[in-house]
Amino acid sequence: MRRPEAMLLLLTLALLGGPTWAGKMYGPGGGKYFTTTEDYDHEITGLRVSVGLLLVKSVQVKLGDTWDVKQGASGGNTQEVTLQPDEYITKVFVAFQTFLRGMVLYTSKDRTFYFGKLDGQIFSAYPSQEGQVLVGIYGQYGLLGIKSIGFEWNYPLEEPTTEPPVIVT
């Protein structure tokens, strides 16, 4: 289960009727909005990124054993990353010109994954609190590809305890 204060914030934003993300977006923007599915029961366990014509066309996250809806434009060559058990995305670098040109993902197990090219204006995205990990991606896309992107960070899901509760008498 995620931290209660973060869940309360997301619930409040959802009730206001707007997007449930309020973080920073990188890139010039414009186009249709997208956001990955909010899943409070599954971690991000994989990522697919489609790259074509020197830009990132779409992204797709795997939540547990299920792939979420692909977000962005169609086409491109798809690269897929599968995270190891208890591995999380902890930092992202993105490069923009008019569209998202490339991304680099860093994980908690010191692995690095490259998609596209890191040329243009480069930004780094990482959580504001130690121990937080990537839990969602949002942004805007046009006919050719992703025009802006943002990352939602939160604490990893807690494992349910199997120990019986302690009774104090």
Side-chain angles (χ1 to χ4, degrees), residues 2 6-7 9-83 87-107 111-128 132-154:
R2 301 215 189 278
M7 290 178 65
L9 173 63
L10 290 174
L11 178 60
T12 302
L13 291 172
L15 291 174
L16 291 174
T20 58
W21 40 264
K24 178 160 179 53
M25 282 204 289
Y26 304 90
K32 294 181 181 180
Y33 285 95
F34 72 87
T35 184
T36 57
T37 300
E38 292 180 16
D39 189 327
Y40 299 107
D41 297 320
H42 300 95
E43 306 280 0
I44 291 178
T45 56
L47 184 71
R48 289 180 180 152
V49 178
S50 295
V51 179
L53 298 174
L54 302 175
L55 52 92
V56 176
K57 297 185 110 5
S58 66
V59 295
Q60 183 177 22
V61 297
K62 187 175 186 183
L63 299 164
D65 294 329
T66 306
W67 286 100
D68 194 14
V69 177
K70 181 169 78 168
Q71 304 291 346
S74 61
N77 296 318
T78 302
Q79 299 170 264
E80 183 176 312
V81 168
T82 300
L83 299 177
E87 181 177 29
Y88 306 100
I89 298 168
T90 57
K91 181 169 48 171
V92 182
F93 279 90
V94 294
F96 274 93
Q97 287 183 3
T98 304
F99 289 89
L100 177 60
R101 304 268 300 175
M103 291 194 316
V104 181
L105 305 177
Y106 295 87
T107 77
R111 296 198 304 160
T112 307
F113 301 101
Y114 295 85
F115 305 95
K117 290 188 152 204
L118 275 188
D119 63 355
Q121 191 170 6
I122 298 175
F123 302 96
S124 62
Y126 47 87
S128 61
Q132 291 183 330
V133 299
L134 183 68
V135 297
I137 301 174
Y138 54 87
Q140 295 174 290
Y141 69 95
L143 184 61
L144 297 177
I146 295 178
K147 299 189 83 168
S148 65
I149 195 165
F151 305 95
E152 183 177 345
W153 308 95
N154 207 332

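Model, not experiment: these values are computed from the prediction.
A search for side-chain contact (heavy atoms from CB on, under 4.5 Å) contacts involving Leu144 returns Phe99, not counting sequence neighbours. Judged as a side-chain contact (heavy atoms from CB on, under 4.5 Å), and not counting sequence neighbours, the contacts of Tyr114 are Val104, Thr112. With sequence neighbours left out, Phe151 forms a ring pair (Phe, Tyr, Trp, His ring centres under 6.0 Å) with no residue at all.
Residues Val56 and Val49 have side chains in contact (heavy-atom distance under 4.5 Å, counting atoms from C-beta outward). Two residues are said to be in side-chain contact when any heavy atoms from C-beta on lie closer than 4.5 Å; Val94 and Ile122 fail this criterion. Using a 4.5 Å heavy-atom cutoff, the side chains of Phe34 and Gln140 are not in contact. Taking the side chain as every heavy atom from C-beta outward, Phe113 and Ile89 never approach each other to under 4.5 Å. Looking only at side-chain heavy atoms (C-beta outward), Lys147 and Leu100 stay at 4.5 Å or farther from each other. No side-chain heavy atom of Arg101 sits under 4.5 Å from any side-chain heavy atom of Val51. Using a 4.5 Å cut-off on side-chain heavy atoms (C-beta onward), Glu80 and Trp67 make contact. Proximity of Val59 to Met103: side-chain heavy atoms (C-beta onward) are separated by under 4.5 Å at one or more points.
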Under the criterion side-chain contact (heavy atoms from CB on, under 4.5 Å), I'd like the reasoning laid out for Val135 against Trp153: C-alpha separation, chi angles, the key distance, then a yes or no. CA-CA 5 Å; Val135 297; Trp153 308 95; 5.8 Å; no

Take Leu105 and Leu47, measure what side-chain contact (heavy atoms from CB on, under 4.5 Å) needs, and give me the verdict at the end. CA-CA 10 Å; Leu105 305 177; Leu47 184 71; 3.1 Å; yes

Between Val81 and Arg48, is a side-chain contact (heavy atoms from CB on, under 4.5 Å) present by the stated rule, with each step listed? CA-CA 6 Å; Val81 168; Arg48 289 180 180 152; over 6 Å; no

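Taking CD of Gln132 as the reference point, atom CD of Glu152 lies at 9.5 Å (rounded to 0.5 Å). Note that CZ of Arg111 is 6.5 Å distant from CG of Leu83, once rounded to the nearest 0.5 Å. Interatomic distance, Gln79 CD to Phe115 CZ, rounded to the nearest 0.5 Å: 6.0 Å. Distance CG/Leu54 to CG/Asp119: 7.5 Å, rounded to 0.5 Å.
In this structure, Tyr26 and Phe123 have tilted ring planes: the angle between them lies in the 30° to 60° band.
The minimum heavy-atom distance linking Lys70 with Gly75 is given by the pair NZ-N, 4.5 Å. The minimum heavy-atom distance linking Met25 with Ser148 is given by the pair SD-OG, 3.5 Å. Here the closest heavy-atom approach between residue Ser58 and residue Ala73 is recorded as CB-O, 3.5 Å. Closest approach of Gln71 and Ile146 over heavy atoms only: O-CD1, 4.4 Å. Contact record, Lys24 with Tyr138: O-OH, 3.2 Å, taken as the closest heavy-atom pair. Here the closest heavy-atom approach between residue Thr90 and residue Pro127 is recorded as O-CD, 3.2 Å.
Other residues, nucleotides and ligands contribute over 12 non-hydrogen atoms within 6.0 Å of the CG atom of Leu118.
Of the candidates Ile44, Thr37, Ile137, Asp68 forms a side-chain contact (heavy atoms from CB on, under 4.5 Å) with just one, namely Thr37.
Geometrically, Lys91 does not engage Tyr126 in a cation-pi contact defined by less than 6.0 Å to the ring centre and at most 45° from the axis.
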